[in-house]
Structures are given as C-alpha cells and as structure tokens.
*Asks:* 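Here it is, the structure, as structure tokens.
Hydrogens, waters and symmetry mates are skipped; everything else that's a heavy atom, side chains included, is used. Numbers restart at 1 for each chain; the letters A, B, ... are given by sequence-line order, proteins then strands. This is a predicted model, so every value here is computed, not measured.
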Amino acid sequence: MLDAKLIREHSDLVKQKLSERGRAIDLDPFLTLDKKRREMLQEIEKLRFERNQASDNIARIKKEKKEVPPDVFSSLKISSQRIKVLEDELKAVEPQIADCLLTIPNIPHSSVPVGHSSDDNPEIRHWGSPPAFSFQPKPHWEIGEQLQILDFNRGAKITGARFTLYRGAGALLERSLINFMLDLHTRQHGYTEVLPPFMVNRQTMTGTGQLPKFEDDLFKIDGLDYFLIPTAEVPVTNIYQNEILEEESLPLYYAAYTPCFRKEAGSYGQDTRGLIRQHQFNKVELVKFSTPETSYAELESLLLNAEEVLKRLGIHYRVVCLCTGDLGFSSAKTYDIEVWLPSQKVYREISSCSNFEDFQARRASIRYRKKENKKIEFVHTLNGSGLAVGRTLVAVLENYQQEDGSIAVPEVLRPYMGGMETIR
RNA sequence: GGAAGGAUGGCCGAGAGGUUGAAGGCGGCGGUCUCGAAAACCGUUAUACCGUGUUGAACGGUAUCGAGGGUUCGAAUCCCUCUCCUUCCGCCA
C-alpha cells in the first residue's frame, strides 16, 4: 500500500512511476474519494466538538445540582442524529478508499531497469557453467520415473493434475534439501527458524498483498475465511502485523520451511510435465525486517544467501534483475535466481528475492521506534526463496544425472542422505 | 461437542453512565543527590487521522479500554452479535 499522503500531494509523480510497470493506473477515483472523505471528516469533527462541549456543560450543571433546561437535550439530540447520518456516509466511503489503495501496486525503485517483459530483465551475474554431458541429458520427469522416485501418475490419481508422489530416495532427497537449506541459513547466515501455520486469515493475506487482487490464485478453505498459504512470506512477514518493534532489534532474519499451495490459474498447458509447476510444492523462505536505511544492502545479502545454496550444490545459475514491466505487485525491486536445466538448455526461476520497502509494512502495520528521536516509522520488509525445494530437486536430478540413468548425490547432501552417494 | 469465566496503556491492575487518555504499581526516559552506583525524591511516558503551520518544530480538534452494532444529550462502564483466551468435562494426534 502506498502512502495516501504521497498520492494526494504528488499524484503526477506517482502516476508516472506506476506507468513504468506497463499499465496505466487511474488514481482519480482515489483522489476524488479522498477529498470527499476529508470534507466529511471535518464536518463530523466540528459537530462532535460542539456536542462534547455541550455534554461537558451538562455534567458540570448536574454536579452543581442545578436543573438542565430541557431544550438543551432536544437540540443535542438533533445534532447527535445529524452526526450519526454523517458517520454512516463516511463509513460508506472509507472502504472504497481502502479498496483503491489496496489495489495500487508498489512504485519501482529508481535502480530498477525500465522494460516491458521478462525479455528485458538484465543478467546481473552468473556462477559456474553448464555441465558437459557425453550423452543426451534427460528431463527430470524421465529420470524420476525410471528411478521410481517420482510418481506423477499416482499423484494425479490421489489428487489431480500437478500433484506428485515422491518415493524412496526421491522423498529422502526432498527432505535432505529442506534440512540442508535450513541448516545453512540458520547456522551460517544468522536466520532464526520458524514453523508457521500453513493456513492464514484474510487480514494476513491482505497484509502481504495477495489480497484483495489475487484471490483467484489462492486455495480457500470451504466455510472459513482461511486460505492455504502460497508462500511462507505470508505468515512469516505477518509475525509482526500490528506491532511496533524497537530499532535495536532490527534487522530481523527468519527462515521458514513450508509447503506452498497455488492454483496456477491461467497457466493451463504450461509446464504440464514434471515438477516445475505444481499446486503444492515445498519451499524454504527467507524473510527480513529492516530499517529503510539498510534495506537495499539487506536485499543484496539476502540474494547472496539464496545463491549460496546453489553454489554449495555446485549447480550453474544466473541472477537477473526484474525490469519494471515484470515486477510483482508488492515489490519495489526483485532479483530472480535462475537455475540451469540441461535437458531443455534453459534457465528456470528457482528463487525470487524482493525488497517491498514499506509497502507491506503499511498494509500490515509493522512499525519500529527510532532510537534517535523515538519516532515511529514503517519497517522495510524483504523476502526471497532460499530456495524452491521442488525446483532444486529438479536441478539436482538433471545436472547430476549419469549416463547409466543414476544420480550422483551432491557432496553436501550426503550427510543428510545417510551417506548415500548415488541414487540408482 | 458441553459448562463457566475473562479480554483496559510496554507490562500488572483499578474503574460499575458525566472534565477518564483513563487511579495505583512495575518498567522506560530525563533530573536532583553521589567520587560513582544503588536507594530515595521530582518530573515525564500511547497511537491514528483531520486542520493551522513547518518540512517533517509546535498548536487546535476528533477517535481509540478485543471487534462490530444498539440505548443515551453523554458509554471503558448498560444491551446485542462476533472473535480470541483461560479453566473444567468429553473426545482426539
């Protein structure tokens, strides 16, 4: 959510910045309603002031055991009724304003390249190089089925399309990746592990920006206003919803493993084979709360923390910076880490690391008290996948496949796999 | 699922229709005292919004005692609905 004052006072600048996202956003409904609201507020507050003074008078007269003239009550009753009418009108306008505000996306940071689509995302850096194969590398779904560690048919039978049954070393590999990532981030990178609820309420979902605009992408619990989380970002960022933190406690680092549930509406026909696009997948998420002064430095270190997972696994990847046209709704700046998949010779997104600045903090009301002058400000929130576990498993299978169809287990995972060196 | 109780400021805890943003205590901050500290004493101690003003000084106003509605000239206080928490019974991992 943007600052209403900013939109009100610098509407042209805001309009221009938002247009870089590629779609014109009409701020006029907000500006009109906001003006109306302030006019109503002023009238209501003036009437309430008068009523409060008159009420105090009555109290004083009664204290002196004197009689209150009856017409005082009757005229106050009329003004009270007038206040109530105005309050009802105001209450009708306020949700409309909130609606406008909640559907306006974040302003891209000045360092974000202007562009239209993912084709315009510049590569920031890459690490390693694609592995050389002396044979034709297979896609992960073939590898998984041949080794009987991934069972797509039975996943579909149990639930439906885009659900997969992991079996034996496949299930163990997934669990090992989760543990490896959590251990790395908690022991080496200073994150505190949390295990949050996997369902959240509407307010929490609104706090991070998934609602009200993207309800179609979410699984909702029937009969309750609860939703399955699409990412741990949602429950973890909302840990401090409606709280005021002390500046000394910042920055805060959290790492969380959770499954993620997404409807993937509008992606029919895309990535139908394999694990790339599932309705349920595992992810280790990194979340940071920082002061505005340090949030961009925190974004760079968060990105490095996520990259470290692939470095230790020894898998080639590149980092791109999302251009203005490709930027997510809530984000001011996002880096994607894209991992190399040799079967298709493409890079696929495996992590998305973003600085939301105060956009989510304003929605969820997450603030901090400055040490210097005790003033209260919104924190900056950041998060990034560290990493998407299913896609990491895909990358391991494809990059570590051997000519005989077996998989060499990456060195760092062996302690987690009971010493297993090869999946065959 | 049944029964009972509860929700007040950073925390504990009063308040039971009328200058109550809310006693008292704890904690925090500033000060006096001290070589320093402790103790004692004095002072201070919320947030949001609107307006005037400034560029982020100050002042005025309004709202906020779990949430929403109602009664009333006036509600933390009375009534209704909801949410959450606690305890007991049952059930369950």
*Asks:* In whole angstrom, give me the gap between the C1' atoms of B:U77 and B:U64.
*Replies:*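 To the nearest whole Å, 16 Å.
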
*Asks:* Taking atom C1' in both B:G66 and B:U86, compute the distance separating them and give it to the nearest angstrom.
*Replies:*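 Nearest-Å result for B:G66 against B:U86 at atom C1': 15 Å.
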
*Asks:* Expressed as a whole number of Å, how far does the C1' atom of B:C12 sit from that of B:G27?
*Replies:*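 Each nucleotide's C1' atom is 10 Å from the other's.
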
*Asks:* Identify the nucleotide, in any strand shown, that forms a Watson-Crick or G-U wobble pair with B:U86, with both distances under 3.5 Å; if there is none, say none.
*Replies:*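 Pairing partner: B:A4.
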
*Asks:* Determine the interatomic distance between C1' on B:C41 and the same-named atom on B:G51; round to the nearest Å.
*Replies:*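 The same atom, C1', in both gives a distance of 42 Å.
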
*Asks:* If we call it a pair only when both distances are under 3.5 Å in a Watson-Crick or G-U wobble match, what pairs with B:G27?
*Replies:*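 Base partner found: B:U45.
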
*Asks:* Strictly by Watson-Crick or wobble contacts shorter than 3.5 Å, is anything paired with B:A22, and which nucleotide is it?
*Replies:*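 No nucleotide pairs with B:A22.
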
*Asks:* Does the base of B:G61 carry an N or O that pairs as donor and acceptor with the side chain of A:Glu45 under 3.5 Å?
*Replies:*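 Answer is yes: a donor-acceptor pair is held.
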
*Asks:* Take the angle between the ring planes of A:His189 and A:His185 and call it parallel below 30°, perpendicular above 60°, tilted in between.
*Replies:*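 Aromatic pair A:His189/A:His185 classed tilted.
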
*Asks:* Between A:Asn282 and A:Glu174, do the side chains contain an N or O donor and an N or O acceptor separated by less than 3.5 Å?
*Replies:*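 Side chains of A:Asn282 and A:Glu174: pair found under 3.5 Å.
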
*Asks:* When you compare the side chains of A:Glu357 and A:His380, does any donor N or O come within less than 3.5 Å of an acceptor on the partner?
*Replies:*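 Their side chains do not contain a donor-acceptor pair, so the 3.5 Å distance test is not met.
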
*Asks:* What distance, rounded to whole Å, do you find between the two C1' atoms, one in B:U20 and one in B:U8?
*Replies:*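 My reading of the C1' atoms in B:U20 and B:U8 gives 12 Å.
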
*Asks:* Under 30°, 30 to 60°, or over 60°: which ring-plane class applies to A:Phe329 and A:Phe214, parallel, tilted or perpendicular?
*Replies:*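 Judged by the thresholds at 30° and 60°, the geometry between A:Phe329 and A:Phe214 is perpendicular.
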
*Asks:* Say you pick atom P in B:G5 and the same atom in B:A93; how far apart are they, in whole Å?
*Replies:*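 Comparing P positions in B:G5 and B:A93 gives a spacing of 32 Å.
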
*Asks:* Report the distance from atom CD of A:Glu94 to atom P of B:U62, rounded to the nearest whole Å.
*Replies:*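 In whole Å, B:U62 P and A:Glu94 CD are 18 Å from each other.
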
*Asks:* Sort out the partner of B:C92 for me: Watson-Crick or G-U wobble, both distances under 3.5 Å, none otherwise.
*Replies:*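 WC or wobble partner does not exist here.
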
*Asks:* Let's test this: given Watson-Crick or G-U wobble pairing with both distances under 3.5 Å, identify the partner of B:A57.
*Replies:*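 When the pairing criteria are applied, nothing turns out to pair with B:A57, so the answer is none.
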
*Asks:* What is the distance, to the nearest angstrom, from the CD atom on A:Glu50 to the P atom on B:G74?
*Replies:*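 In whole Å, B:G74 P lies 15 Å from A:Glu50 CD.
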
*Asks:* For the C1' atoms, the ones on B:G2 and on B:A14, what distance do you get once it is rounded to whole angstrom?
*Replies:*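 B:G2 and B:A14 have their C1' atoms separated by 34 Å.
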
*Asks:* Can you tell me how far P of B:U72 sits from NZ of A:Lys62, to the nearest Å?
*Replies:*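 Going from NZ in A:Lys62 over to P in B:U72 covers 14 Å.
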
*Asks:* Would you kindly give the NZ-to-C1' distance between A:Lys370 and B:A46, to the nearest whole Å?
*Replies:*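 Taking NZ of A:Lys370 and C1' of B:A46, I get 19 Å after rounding.
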
*Asks:* Using purine N1 to pyrimidine N3 plus N6-O4 or O6-N4 for Watson-Crick, or N1-O2 and O6-N3 for G-U wobble, each under 3.5 Å, what pairs with B:A16?
*Replies:*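 In the structure as shown, B:A16 has no Watson-Crick or wobble partner.
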
*Asks:* Can you tell me if A:Ser301 and A:Lys288 form a side-chain donor-acceptor pair at under 3.5 Å?
*Replies:*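 Per modelled atom types, A:Ser301 and A:Lys288 side chains form a pair under 3.5 Å.
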
